[in-house]
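Here's the structure, in structure tokens; my notes come after.
Quick note: residue numbers are just sequence positions, from 1. No experiment lies behind these values; they were computed from the predicted model shown. In what follows, every heavy atom counts, from backbone to side chain, and hydrogens, waters and symmetry copies are set aside.
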Amino acid sequence: MKKGDIFEGTIEKVSFPNKGLVRTADGAVTVKNGIPGQKVRSVINKKRGTRLEGRLLEVLEASPLETRPPVCSLFPACGGCMYQTMDYEAQLSMKADQIRELLDFAIAEAGQTDGAGRADYRFEGITGSPREFGYRNKMEFSFGDASKGGELTLGLHKKGSTYDVLTAADCRLVHPDFNRILLCVLSWFRERKASYYHKLSHTGFLRHLLIRRADSTGEILVNLVTTTQEEWDLSPLVQELLQLPLEGRIVGILHILNDSLADVVQSDETRTLFGQDHFYEELLGLRFKITPFSFFQTNSRGAEILYQTARDMIGDIRDATVFDLYSGTGTIAQMLSPVAREVVGVEIVEEAVEAARENAALNGIANCRFLAGDVLRMLDEIPEKPDFLVLDPPREGIHPKALPKIIAYGAARMVYISCKPTSLARDLDTLIRSGYRVERVKCVDMFPQTVHVETVVLLSKQIAG
């Protein structure tokens, strides 16, 4: 087979992340965006030696795992969801199998095996999200069009597309308040024929709509992200938004100016059009102040399960100094503070560190200290040594130069929380070869209907001899 060839076949299995296996007479082909058991038509779009990758063109026959109809109008074209036609228990089973297969291989390759050469650790399965739908507390919607030169759209990218944007008017991953706000903003700018930012020419006004909504309080922060290439009086839009019949309550409307050439949501300048620049969320009895760019788990109720899972693995740390590396707004650190002597959080995003300090004060916590800086650099500057480590790095995992410094602490135990299992597998290989042992692994599904999953790992330091 060669690039451009079209073929048909059945997806035998899907490995993480979203890699479907289709066997043909000419060999196995990896096809993304499918479900096990689907018969598909695909085209070869990459060939590297004997490795073939295909792009899915059409689902010819549904999978036996697809036992229910889609719940939104954009499925399966939208890239936001993959598995909503699968029963949720089937999704959980598939994700657990994917992570176990990935980690079994990585752990065994690193040399942690039983007498039969199999990976030797305890896999504790997967816990599902308390909510299968409507669980996201944050969504970044993009402005664009669904076809070149077409009507303005606002929503999510078409599956496999960098440019086509589909209007997500009935997205089920978010609370209905998100969809009402999205339609209001889209209608307002459509009527005025506003331009959107074109990634290739770097021209246009509208970029993103970032909405954040607290699950516990219903407080909503609306953030319109644009370039500075046009000037608009947005006060009429503010009034329309405030008059929407929402279950929650808009506490702030911000205009974020972003002239970056990259397709990222960031702020060169932020203007408050209404209310405040933050809202409050509650997790496990603690209250957290969240700003537009604060890192906070996107599934609030799922986060409670995730952090409780981590806390259970951590166990007794009453007299311990705990380092919470990649601490974000300090959620994990503050949840550990009642059972630790001291918790030191390190986070590179200064805004998140300030929020963490405010949150600790808000919750009356005195034994948490938060430091702003890159983990790689800060590990050289902190005089204390940790008794226990909590690692919750970004998707890319731990920086290769930071990992030896973390290992050098020689902490007796650590918990690694990962949102990207392939990065986790890579880092576990290094940790195991450096004298740590994987004791327990448990998955928490923070992202139903999607390919993603969180994984919590407990490691212990092996005693030489």
message: For the NZ atom on Lys32, are there more than 12 heavy atoms of other groups (residues, nucleotides or ligands in this structure) within a distance under 6.0 Å?
response: no

message: Quick check for you: to the nearest 0.5 Å, what is the distance between Thr430 atom OG1 and Leu403 atom CG?
response: 5.0 Å

message: With rounding to the nearest 0.5 angstrom, report the CG to OG1 distance, Leu284 to Thr331.
response: 9.5 Å

statement: Nearest heavy-atom approach of Pro393 to Tyr416 is CG-OH, 3.5 Å

field: Salt-bridge criterion met for Glu384 and Arg369 (N-O under 4.0 Å)
entry: yes

message: When you compare the side chains of Ser73 and Asp170, does any donor N or O come within less than 3.5 Å of an acceptor on the partner?
response: yes

query: Any donor and acceptor pair, going by atom type alone, linking the side chain of His208 with main-chain N or O of Leu210 inside 3.5 Å?
result: no

- prompt: For Phe370, is the NZ or CZ atom of Arg357 found under 6.0 angstrom from the centre of its six-membered ring and inside 45 degrees of the ring axis?
  reply: no

field: Parallel, tilted or perpendicular: rings of His198 and Tyr196 (30°, 60°)
entry: parallel

query: Under a 4.5 Å cut-off applied to non-hydrogen side-chain atoms, are Val222 and Leu209 in contact?
result: yes

- prompt: Charged N to carboxylate O below 4.0 Å: is that the case for Arg180 and Asp177?
  reply: yes

From Asn223 atom CG to Thr272 atom OG1, the distance as rounded to the nearest 0.5 Å: 9.5 Å

- request: Show your reasoning for whether salt bridge (charged side-chain N to carboxylate O under 4.0 Å, His left out) applies to Lys138 and Glu281.
  value: CA-CA 12 Å; Lys138 172 187 175 184; Glu281 178 65 294; over 6 Å; no

- prompt: Any ion pair linking Arg68 and Glu132 (charged N to carboxylate O, less than 4.0 Å)?
  reply: yes

- prompt: Of the non-hydrogen atoms in Leu458 and Phe388, which two are nearest, and what is the gap between them?
  reply: CD1-CZ, 4.4 Å

- prompt: Thinking salt bridges, do Arg131 and Asp215 make one under a 4.0 Å N-O criterion?
  reply: yes

query: With a cut-off of 6.0 Å (strictly less than), are more than 12 heavy atoms of other residues, nucleotides or ligands near CD of Glu350?
result: no

- prompt: Does Val251 offer a backbone N or O that forms a donor-acceptor pair with the side chain of Glu219 under 3.5 Å?
  reply: no

query: Salt bridge check: are Asp312 and Lys442 linked by an N-O gap of less than 4.0 Å?
result: no

query: Quick check: are there more than 12 heavy atoms from other residues, nucleotides or ligands sitting under 6.0 Å from NZ of Lys19?
result: no

Heavy-atom neighbours of Arg192 CZ exceed 12 at 6.0 Å: yes

message: Would you say CG of Asp380 has more than 12 non-hydrogen atoms from neighbouring residues, nucleotides or ligands within 6.0 angstrom?
response: yes

query: Going from OG1 on Thr455 to CG on Leu428, what distance comes out if it is rounded to the nearest 0.5 angstrom?
result: 9.5 Å

message: Any side-chain to backbone donor/acceptor pair from Gln38 onto Glu66? Under 3.5 Å, distance only.
response: no

statement: In short, Trp188 meets Leu234 closest at the heavy-atom pair CZ3-CD2, 4.1 Å

- prompt: Checking Asn299 side chain against Met446 main chain: does a donor-acceptor pair fall under 3.5 Å?
  reply: yes

- request: Output the distance between atom NZ (Lys158) and atom OG1 (Thr153), rounded to the nearest 0.5 Å.
  value: 11.5 Å

task: Anything under 30° is parallel, anything over 60° is perpendicular, the rest tilted; go ahead and classify Tyr409 against Phe323.
output: perpendicular

statement: Which of His278, Glu351, Arg212, Gln276 passes side-chain hydrogen bond (donor to acceptor under 3.5 Å, both in side chains) with Thr291? Answer is Glu351

